[in-house]
Amino acid sequence: MTKAGKVRTTLCLPESMLQSLHQAMDEANISRKRRSQWIEAAIESLLQTANYEELILEEFIDSRGNTTISVSLSKIIKAKIDTVVSSLDKQLNYSVESSRLLRTAISQLLIKQQMR
């Protein structure tokens with residue numbers, strides 16, 4: 001059961017990325033119970049980045065050392081993700097997974113935070 005206005009989804013990401021995400025949250029004194037909110041902020045940040053589509057298309061995942069986590073996203077964020085993925089699908093003529101966008105958002109926010 002999800003909260004009103006929320007959509008649950010799963011995300012496959014490298015274990016090292018999950019560790020980096022948790023480390024960034026710990027350093028910012030953000031509870032791990034708020035991981036979905038941190039990921040939503042990462043998505044919003046990515047979508048405000050110039051040429052974010054190129055960043056998404058450059059993202060790749062190694063088939064080894066991955067884990068799947070559950071994420072609860074607002075319906076508004078999920079709709080934005082679906083719009084971007086659909087647009088990329090049409091441009092490229094092949095399917096782009098929403099996990100790709102989420103991994104890109106996480107990695108880009110981690111990079112921005114390390115630069116501070």
Side-chain angles (χ1 to χ4, degrees):
M1 194 86 144
T2 61
K3 296 179 183 178
K6 295 284 184 178
V7 177
R8 289 197 64 78
T9 188
T10 57
L11 165 63
C12 181
L13 70 164
E15 291 176 8
S16 60
M17 184 183 288
L18 181 59
Q19 290 170 357
S20 295
L21 186 158
H22 286 162
Q23 182 179 358
M25 291 177 66
D26 292 346
E27 289 172 2
N29 292 320
I30 299 171
S31 167
R32 297 216 181 147
K33 291 181 180 181
R34 298 190 181 271
R35 182 173 63 195
S36 292
Q37 292 172 342
W38 190 97
I39 292 172
E40 280 196 359
I43 295 164
E44 288 287 5
S45 177
L46 175 68
L47 296 179
Q48 294 173 13
T49 302
N51 301 322
Y52 68 86
E53 296 96 343
E54 291 175 20
L55 295 170
I56 295 168
L57 296 177
E58 290 175 1
E59 192 277 340
F60 70 95
I61 188 166
D62 189 346
S63 61
R64 297 168 287 154
N66 297 316
T67 189
T68 301
I69 63 170
S70 186
V71 180
S72 181
L73 302 172
S74 70
K75 288 182 179 180
I76 293 169
I77 291 291
K78 180 68 170 118
K80 289 179 181 182
I81 292 168
D82 292 345
T83 299
V84 170
V85 167
S86 176
S87 174
L88 290 172
D89 285 353
K90 289 176 186 172
Q91 289 175 31
L92 301 170
N93 220 13
Y94 67 85
S95 180
V96 175
E97 296 177 358
S98 59
S99 284
R100 193 172 190 172
L101 185 149
L102 295 170
R103 285 190 300 272
T104 302
I106 292 167
S107 63
Q108 290 300 306
L109 188 53
L110 288 171
I111 290 168
K112 286 178 184 177
Q113 289 181 344
Q114 288 176 354
M115 296 174 77
R116 290 181 189 163

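We use all heavy atoms of the structure for the numbers below, so side chains are in, but hydrogens, waters and symmetry mates are not.
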* Structure fact -> Residues passing the side chain to side chain contact (heavy atoms under 4.5 Å, CB included) test with E15, sequence neighbours excluded, are T67

* For atom CG of L92, is the number of surrounding heavy atoms from other residues, nucleotides or ligands below 6.0 Å larger than 12? -> yes

* For R35, which residues count as a side chain to side chain donor-acceptor pair (under 3.5 Å) partner, sequence neighbours excluded? -> H22

* Asked: When clusters are formed by joining ILVMFWY residues with side-chain heavy atoms under 4.5 Å apart, either directly or through shared neighbours, do L47 and V7 land in the same one?
  -> no

* Of all pairs that satisfy side-chain hydrogen bond (donor to acceptor under 3.5 Å, both in side chains), the ones with a partner from residues 49-58, not counting sequence neighbours -> T49-K112

* Asked: Do L101 and V96 have side-chain heavy atoms sitting under 4.5 Å apart?
  -> no

* With a 4.5 Å heavy-atom cut-off, do V84 and I43 have their side chains touching? -> no

* Would you mind listing the cluster partners of I111? Hydrophobic ones only (ILVMFWY), side-chain contacts under 4.5 Å, chaining allowed. => M115

* Which value, rounded to the nearest 0.5 Å, describes the distance between S36 atom OG and I77 atom CD1? -> 11.5 Å

* Identify the heavy atoms of Q113 and A24 that sit nearest to each other, and give their distance. => OE1-CB, 3.4 Å

* Quick one: side chain to side chain contact (heavy atoms under 4.5 Å, CB included) partners of N66, sequence neighbours excluded? -> C12, P14, I61

* Identify, with sequence neighbours excluded, every residue that meets side chain to side chain donor-acceptor pair (under 3.5 Å) alongside D82. => K78

* Structure fact -> For S98, the side chain to side chain contact (heavy atoms under 4.5 Å, CB included) test, sequence neighbours excluded, returns I81, V85

* For E97, check side chain to side chain donor-acceptor pair (under 3.5 Å) against everything at least two apart and list the hits. => none

* For T104, all residues meeting side chain to side chain contact (heavy atoms under 4.5 Å, CB included), sequence neighbours excluded -> L46, L55, I56, E59, Q108

* Structure fact -> Between L18 and L13 the two heavy atoms that sit nearest each other are N-CD1, 4.0 Å

* How far does CD of Q23 sit from CG of L110, to the nearest 0.5 angstrom? -> 9.0 Å

* Asked: What pairs of residues pass the salt bridge (charged side-chain N to carboxylate O under 4.0 Å, His left out) test when at least one of them lies in residues 41-51, not counting sequence neighbours?
  -> E44-K80

* Asked: Pick one: which of L102, L21, I39 meets side-chain contact (heavy atoms from CB on, under 4.5 Å) with I69?
  -> I39

* Under the side chain to side chain donor-acceptor pair (under 3.5 Å) test, residues paired with N29 that sit two or more places apart -> none

* Please name the pair of heavy atoms, one in S45 and one in L109, separated by the smallest distance, quoted to 0.1 Å. => OG-CD1, 4.3 Å

* Structure fact -> Of all heavy-atom pairs linking S72 and E40, the shortest is O-OE2, 4.1 Å

* Is there a donor-acceptor pair closer than 3.5 Å between any side-chain N or O of T83 and the backbone N or O of A79? -> yes

